[in-house]
Amino acid sequence: MLSILSRLLVAGLAIGLAAFPATAQTDYPRRPITLIVPFAAGGPTDVIARIAADHMTRTLGQPIVIENIVGAGGTTASTRAARAAPDGYTIEMGHMGTHAASVALYPNLAYKPDVDFAPIGLVAGTPVLILGKKDFPPKDLKEFVAYVKANVDKLNMAHAGVGSVSFTTCLLLNSILGIKPTSIPFNGTGPALTALISGQVDYMCDQIVNIVQQVQAGQIKAYAVGTAERNPALPHVPTSKEAGLPAFQAQAWNALFAPKGTPQPVLDKLSDALDKALDDEGTRKRLLELGSVLPDKSGRGQQPLAALVKSEIDRWTPVIKAAGPLN
Ligand code: MLT
């Protein structure tokens, strides 16, 4: 059995190498790289992708072109990315939703996040906040809990589609509170935030990088952040524990992935370019100002991301199962 497996492995490697001659690996990249973003432009995943791409382009010497592909909570784009040619010219900015929570949310998911992708590296951790529209009556989280429980039939909750971070983390919130509000899907939390600011929807959960400025400007309310520590970008926002809902622990993450079979030298070049971006003062400043949590050296690269994907699938699957049927 082992000899058959090792022979299959060697054959697979030979095909990969044959399909991607050594010269193409060494002088990679020779043309622009497409970075698939599974949500609408202007949202957290798009913003993080553009900041990382800005610096990676300098290291790789080729443009990184962002392609926003929306739908099905990001799984449409992730399916496209998993099936792309494993040549390093198509990569994806995936996240906790597309590459972990979606496994339990989509029984027939067309890809396996921990099998069909080659990890490049974690870009940023993104704490998740509980948010309300500007004139939402509750002043703090305690009032929020009482209010949404008492008025659930009248409330609309926004999210970026089944499988997204905003959907999954508010699924956790709603299951803690034992409620199922009407949920309104958008192509990303960029457009969902616009609906929250204009009061079309009442509340949502979102990654900090998308909402820092709007909270600081008082355009929306932030009730709590789902992390153990307060976030330096929004120091006045209490942790869920401080605010009385310690069970709401929600930190998302965004990371770069390539299709399985992408040659190792190409993956190493991409991981190296990401590492240099995360070392760059300007790139760090832009990400930190938005409340991102940046991985230290030991948390960067291919192996730590592979381990994170597995542990996050294990983390969110029971949460999703416990929440019961989605509708
Ligand atoms: C986005 O970029 O719109 C978000 O990552 C969507 C989400 O997962 O909530």
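Whatever order the structure lists them in is the order used to number ligands and atoms, beginning at 1.
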What part of Ser166 sits under 4.0 Å from ligand 1 if we count only heavy atoms: the side chain, the backbone, both or neither?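 Both of them.
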For His159, which part has a heavy atom under 4.0 Å from ligand 1: side chain, backbone, both, or neither?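 Neither part.
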Closest non-hydrogen atom pair, [X] against [Y]:
{"X": "Val123", "Y": "Pro295", "value": "O-CD, 3.3 Å"}
{"X": "Val266", "Y": "Gly88", "value": "CG1-CA, 3.7 Å"}
{"X": "Ser292", "Y": "Leu287", "value": "OG-O, 2.8 Å"}

Side-chain ion pair, Lys154 and Asp202, N-O less than 4.0 Å: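 No.
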Could Arg50 and Asp46 be called an ion pair, given the rule that one side-chain N must be under 4.0 Å from one carboxylate O?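 Yes.
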Heavy-atom contacts with [X] under 4.0 Å: which atoms of ligand 1 show up? List them by number with element.
{"X": "Gly188", "result": "3 (O)"}
{"X": "His95", "result": "5 (O), 7 (C), 8 (O)"}
{"X": "Ser164", "result": "7 (C), 8 (O), 9 (O)"}

With a cutoff of 4.0 Å, is Gly97 in contact with ligand 1, counting heavy atoms of the residue only?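 No, that is not the case, since the closest heavy atom of the residue is not under 4.0 Å from the ligand.
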Ligand 1 contact by Met96, heavy-atom criterion under 4.0 angstrom: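 Not so, Met96 does not reach ligand 1.
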Protein residue, atom and distance nearest to [atom], heavy-atom basis:
{"atom": "atom 3 (O) of ligand 1", "result": "Thr189 N, 2.8 Å"}
{"atom": "atom 6 (C) of ligand 1", "result": "Ala160 CB, 3.5 Å"}
{"atom": "atom 2 (O) of ligand 1", "result": "Thr45 N, 3.0 Å"}

Among Asn254, Thr45, Val70, the one residue meeting side chain to side chain contact (heavy atoms under 4.5 Å, CB included) with Val37: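 Passing option: Thr45.
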Is it true that, when you exclude Arg80 itself, more than 12 heavy atoms of the residues, nucleotides or ligands shown sit nearer than 6.0 Å to its CZ?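 At most 12 heavy atoms, drawn from other residues, nucleotides or ligands, come within 6.0 Å of this atom.
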Polar-atom distance check: Val165 versus ligand 1, any N or O pair below 3.5 Å?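 Between Val165 and ligand 1, an N or O pair is found under 3.5 Å apart.
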If you measure every N or O of Asn254 against every N or O of ligand 1, does any of those distances drop under 3.5 Å?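 So ligand 1 has no N or O lying under 3.5 Å from an N or O of Asn254.
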Are the side chains of Pro259 and Phe117 in contact, using a 4.5 Å heavy-atom criterion?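 SC-SC contact between Phe117 and Pro259 ruled out.
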